[in-house]
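Just so it is clear: chains get the letters A, B, ... in the order the sequence lines come, proteins before strands, and each one is counted from 1.
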Number of protein chains: 2
Amino acid sequence: MSGSDRAVVTRPQLTPRGRAIRDAALKLFAERGYEATTTTEIGAAVGIRGPSLYKHVSSKQDLLAAIMLDAMDVLHDVHALAVAGVDDVADRLRRAVEAHVRFHTRHRLEAFVGNREIRSLDEVNRAAVVARRSSYERLIRGLIEEGVAASRFHVASVKLASYALLDLGMGVAAWYREDGDLSEDEIVYTYGRFALTLVGVAG
Amino acid sequence: MSGSDRAVVTRPQLTPRGRAIRDAALKLFAERGYEATTTTEIGAAVGIRGPSLYKHVSSKQDLLAAIMLDAMDVLHDVHALAVAGVDDVADRLRRAVEAHVRFHTRHRLEAFVGNREIRSLDEVNRAAVVARRSSYERLIRGLIEEGVAASRFHVASVKLASYALLDLGMGVAAWYREDGDLSEDEIVYTYGRFALTLVGVAG
DNA sequence: TGAAAAGGCTAATGCTCAGTAGCCTTGATA
DNA sequence: TATCAAGGCTACTGAGCATTAGCCTTTTCA
């Protein structure tokens, strides 16, 4: 009943070369955008020609979809892990926001691409990503509603507060750099505090 | 010395049709992205064929650049207007953030495109937009530094606080809708308050 | 009223791109 | 050692795109 029996990785395993291709595609999609990235460039990044990619992946579109869907699944997983077994609603929110921000530092390219390239997905894939995103947003909003219901939080608008928290994470993905002068822990801690003051936590 | 003698509109005037084309292009760039928008579609949106656009604009690229550069200039203008003649640093920050957020509701498409399509600009235009953006970021950061220097604000990191405030505005541009259930004033007021608690304002 | 400017249009140009066809090399295995 | 699959490669296909060329109609105004 601990939840650890749920598989964390649910998508098909990739060969090493398949993983290299995905990593290269992710980097290129983040740098220049999905539409502006050519299969020739993705191939070059792993030392092969564009058409040879098709021995490993089925299409450029599938590459994008896999990157985004996997990222959303990981985001759900880290959220679940962060709040599991924590009772106090303020602690739950702080831990959820910390996990949110940490995800956006550790997977900033995935988050960046995920936020900018939804439009490049075909209808089926877009619906799948949007569904996962909505589900995640409901989790965050639910935490705030919980705190408000318990009179622990005081906000002008639950919706606005949840948007603010979610947007801060996305912002991090846009400017965070591993070699920058703000450490991951520093950002995570500070934003966790931000979150609590933002919902006007009592106590 | 009031600053009102500085022209607010500095770019070449557009004919009505030129303006219609720009508005249509803005809407399409926001909806499906610059690369995915065709000149045929922009033309269709104003009732002409794609090639006829070239009687009014010099290129698709210039259309994007003009949209983004104008938006950055307006953002600077509304900021200057918001803080002009205000002495108290907390008031200045609150008013600056209010102006920032209001800009992102009133010009959400421009802001949205401006944040997502920098990569689609050619080098010259990109440099111009990035310069304006940096300049604006310095203004916001400067306000926070001012408050910290005067011991009115208390933040763990000036940089982090300014990123957070800037990111909240960008977030607004992504989800705000004129016909949504959160009013512009409501969002502006709430985020103005967020800003002050976020910098740990004293008094 | 007549010339010319403005602003449409279709057709064409030249380029880029995702994906396919079909071939060849290599290395594992039977 | 013969076979065969894996995974490269080049050449090609078919489509889409921004932009230009050149033509025609309408409007403006001297």
Asker: What do you reckon, are the aromatic ring centroids of B/Tyr136 and B/His100 less than 6.0 Å apart?
Answerer: yes
Asker: Which residue is it: A/Arg133, A/His104, A/Glu110? I am looking for the one with a side-chain hydrogen bond (donor to acceptor under 3.5 Å, both in side chains) to A/Asn115.
Answerer: A/Arg133
Asker: Keeping the roles fixed (side chain from A/Arg49, backbone from A/Gly43), state whether a donor-acceptor pair exists under 3.5 Å.
Answerer: no
Asker: Quick check on contacts: within residues 29-53 of chain A, what sits under 4.0 Å from DNA chain C by heavy-atom distance?
Answerer: A/Thr37, A/Thr38, A/Thr39, A/Pro51
Asker: A/Ile21 has an atom CD1; how far is it from atom P of C/dG19, in whole Å?
Answerer: 13 Å
Asker: Is A/Asp87 salt-bridged to A/Arg92, cutoff N-O under 4.0 Å?
Answerer: no
Asker: Compute the bend angle of the helix from C/dT1-D/dA30 to C/dA30-D/dT1 from the end axes (five pairs per end), rounded to 10°.
Answerer: 0°
Asker: Touch check for A/Lys55, heavy atoms < 4.0 angstrom, all strands: base, sugar-phosphate only, or nothing?
Answerer: base
Asker: Can you list the steps and then say if B/Ser135 with B/His76 is a side chain to side chain donor-acceptor pair (under 3.5 Å)?
Answerer: CA-CA 9 Å; B/Ser135 143; B/His76 273 85; 2.7 Å; yes
Asker: So does A/Glu35 pair up with B/Arg116, basic N to acidic O under 4.0 Å?
Answerer: no
Asker: Given D/dG8, C/dA18, D/dA18, identify the nucleotide with an atom nearest to the side chain of A/His56.
Answerer: D/dG8
Asker: Quick check: are there more than 12 heavy atoms from other residues, nucleotides or ligands sitting under 6.0 Å from CD of B/Glu178?
Answerer: yes
Asker: Thinking salt bridges, do B/Glu31 and B/Lys27 make one under a 4.0 Å N-O criterion?
Answerer: no
Asker: Please determine if a side-chain N or O atom of B/Arg17 lies less than 4.0 Å away from the OP1 or OP2 oxygen of C/dA6.
Answerer: no
Asker: Mind calculating the distance between OH (B/Tyr54) and P (D/dC23) to the nearest angstrom?
Answerer: 21 Å
